[in-house]
Amino acid sequence: MTYEAIIGLEVHAQLLTKTKIFCGCSTEFGAPPNTHTCPVCLGMPGVLPVLNRKVVDYTIRMALATNCTIARESRFARKNYFYPDLPKGYQISQYELPIAEHGHVFIEVNGKRSRIGITRIHMEEDAGKLIHYPYRPVSVVDFNRTGVPLIEIVSEPDMRTPEEAGAYLRQLRAILRYLEICDGNMEEGSFRCDANVSVRPAGTNTFGTRTELKNINSFKHVENALAYEIRRQEAVIEDGGKVVQETRLWDPAKGVSVSMRGKEEAHDYRYFPDPDLLPLVIDEGWVEEIRSTLPELPDAKKARFIQDYGLPSYDAGVLTSSRALADYFEACAKLFPEPKTVSNWIMGSLLAILKAENRTIEESPVSPERLAELLRLIDSGVISGKIAKTVFDEVASSGKAPETIIREKGLVQITDAKAITEVVKRVLTEHPKEVSAYRGGKTKVFGFFVGQVMKATGGNANPKTVNEILKGMLQG
Ligand code: ADP
Ligand code: MG
Ligand code: ZN
């Protein structure tokens with residue numbers, strides 16, 4: 001029997017507001033424990049929450065960017081549960097009337113484009129952070145994160161493979177970053193994901209029982225955790241068992257998921273509208289004002305890169321994966337208007353260096369101007385493409401201009417036909433045996449001559465000129 005997996009993701013994104021969602025405390029990361037707190041976010045009796053307008057602005061931005069319908073009126077609700085990182089005993093979230101619904105984004109995996117529905121987006125507050133001491137039976141709590149604004153983005157069960165789930169997550173993160181409302185850092189927890197997955201026999205229409213995977217803190221883990229869980233569920237069914245609806249914890253070190261608890265139902269939380277907060281009313285004017293400030297989004301930018309620069313879809317996808325990378329490309333392509341050449345250098349040499357040095361494009365050691373200078377030097381024949389790679393690495397490590405490096409290291413390409421002819425003559429005189437072999441029909445030795453000439457010129461001769469002159473003289 002073959003199976004098909006069904007995947008739906010719940011994503012929590014921390015919003016980059018300066019202050020918390022219901023009080024004026026700072027959201028800054030890394031402050032000493034419990035210094036960014038006040039009676040409101042500590043849940044003292046009698047305090048009243050006041051909604052941060054920026055949180056609504058940012059959520060509307062994301063809702064518009066993901067094609068959602070924005071509710072004229074939405075409500076905050078209390079989600080009741082006990083946990084030591086939740087001082088009020090409830091989390092303020094949205095339940096029955098979320099701010100946005102019925103959206104979608106597009107993803108592309110191996111050239112196949114799919115539409116992934118977004119069920120809803122709602123606003124809520126984050127909980128505090130529990131820290132467990134490894135060698136003492138003690139845990140402490142830091143409430144700095146309590147009340148930091150989150151949006152939860154719930155997808156439809158529209159994904160079928162772990163790769164699609166990964167692509168969807170990357171797409172959401174790219175959009176959040178383009179909008180500059182979330183830093184998207186999965187390792188640091190500002191972009192978190194719970195993955196719901198079930199399997200069913202291929203060709204059937206009803207959904208199987210799902211499990212929910214928690215504790216996934218990298219893109220690689222999402223795909224690995226889902227692949228493992230799909231295999232596990234298939235094995236359960238093959239053995240004649242039934243998948244149990246439950247929450248499971250992904251253990252990246254062991255590469256397995258383990259049962260954490262039975263799945264809670266919504267009614268377990270005793271949701272009810274928060275009486276301390278008024279219904280949130282959003283008029284058309286507010287939405288339109290925000291719509292007018294939206295940047296060009298990843299999909300639109302990618303389409304434009306294909307259309308205007310004639311780039312392959314793959315290149316356009318890589319270059320528009322972040323706004324800063326796209327800007328880098330455009331700055332360089334403006335100075336050196338051969339887009340595919342620029343793209344090749346960015347996707348090859350530049351991204352390799354950034355990856356090796358663990359830097360972002362904003363921290364690139366080679367500016368678009370420097371890269372354009374280098375490309376012009378290749379174009380005008382001053383250096384060969386091969387030497388340019390060396391020069392590129394030098395620009396990156398020294399910060400010097402390509403021309404300076406070429407001059408200092410004597411890397412200028414020899415294109416002067418007279419100079420090359422001299423070298424060729426010498427090489428041919430020094431290797432009479434090979435010359436007669438060539439003239440006797442063993443044309444394979446041609447490569448040997450090229451090698452000798454390049455060696456004699458320290459690799460600096462223009463290969464095209466060398467080829468032409470060699471051919472001429474060997475025939476003559
Ligand atoms: P909660 O997990 O909080 O109860 P929901 O009921 O809204 O929330 O569902 C959460 C996620 O589970 C959604 O992303 C949805 O697409 C996904 N989902 C629902 N049913 C299935 C299923 N049978 N298989 C896989 N995913 C599912
Ligand atoms: Mg869930
Ligand atoms: Zn506070």
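Numbers for residues simply follow the sequence, beginning at 1. The figures that follow rest on heavy atoms only: side chains count, while hydrogens, waters and symmetry mates do not. Just follow the structure's listing: the first ligand is 1, and inside any ligand the first atom is 1.
- One option in Glu212, Arg210, Glu10 has a heavy atom closer to atom 27 (C) of ligand 1 than any other, and that option is Arg210.
- Below 3.5 Å of separation, one finds no N or O of Val154 facing any N or O of ligand 1.
- We find that Glu373 and Arg370 are joined by a salt bridge, their nearest charged nitrogen and carboxylate oxygen being less than 4.0 Å apart.
- Around the Zn ion (ligand 3), the protein contributes the following N, O or S atoms at distances under 2.8 Å: Cys23 SG, Cys25 SG, Cys38 SG, Cys41 SG.
- Heavy atoms from both the backbone and the side chain of Asn196 come within less than 4.0 Å of ligand 1.
- Counting the atoms of ligand 1 from 1 in the order shown, those under 4.0 Å from a heavy atom of Phe207 are 23 (N).
- In terms of polar-atom proximity, Pro157 is counted as a contact of ligand 1, with an N or O under 3.5 Å from an N or O of the ligand.
- Between Glu101 and Arg120 there is no salt bridge, since none of the side-chain N atoms of the basic residue sits less than 4.0 Å from a carboxylate O of the acidic one.
- Using a cutoff of 4.0 Å between basic side-chain nitrogens and carboxylate oxygens, Arg61 and Glu180 are not scored as salt-bridged.
- Residue contacts with ligand 1, taken as heavy atom pairs separated by less than 4.0 Å, involve Leu9 solely via the backbone atoms N, CA, C and O.
- Cation-pi geometry between Lys88 and Tyr90 is met: the NZ or CZ atom falls under 6.0 Å from the ring centre, inside 45° of the normal.
- Atoms of ligand 1 lying under 4.0 Å from any heavy atom of Gly208, numbered from 1 in the order shown and given with element: 23 (N).
- The salt bridge (Lys or Arg N to Asp or Glu O under 4.0 Å) check on Lys340 picks up Asp315, with sequence neighbours excluded.
- Ring pair Tyr269/Tyr95: centre-to-centre distance not below 6.0 Å.
- Checked against salt bridge (Lys or Arg N to Asp or Glu O under 4.0 Å), Arg170 has the following partners two or more places apart in sequence or in another chain: Glu223.
- Checked for salt-bridge contact, Lys214 and Glu212 meet the test: a charged N lies under 4.0 Å from a carboxylate O.
- Using a cut-off of 4.0 Å between Lys/Arg side-chain N and Asp/Glu carboxylate O, Arg192 and Glu10 are scored as not salt-bridged.
- Under a 4.0 Å criterion applied to the non-hydrogen atoms of Glu156, ligand 1 contributes the atoms 16 (O).
- For Pro39, the side chain to side chain contact (heavy atoms under 4.5 Å, CB included) partners two or more places apart in sequence, or in a different chain, are Met44, Val47.
- Within ligand 1, the atoms closer than 4.0 Å to a non-hydrogen atom of Ser155 are 13 (C), 14 (O), 15 (C), 16 (O), numbered from 1 in the order shown.
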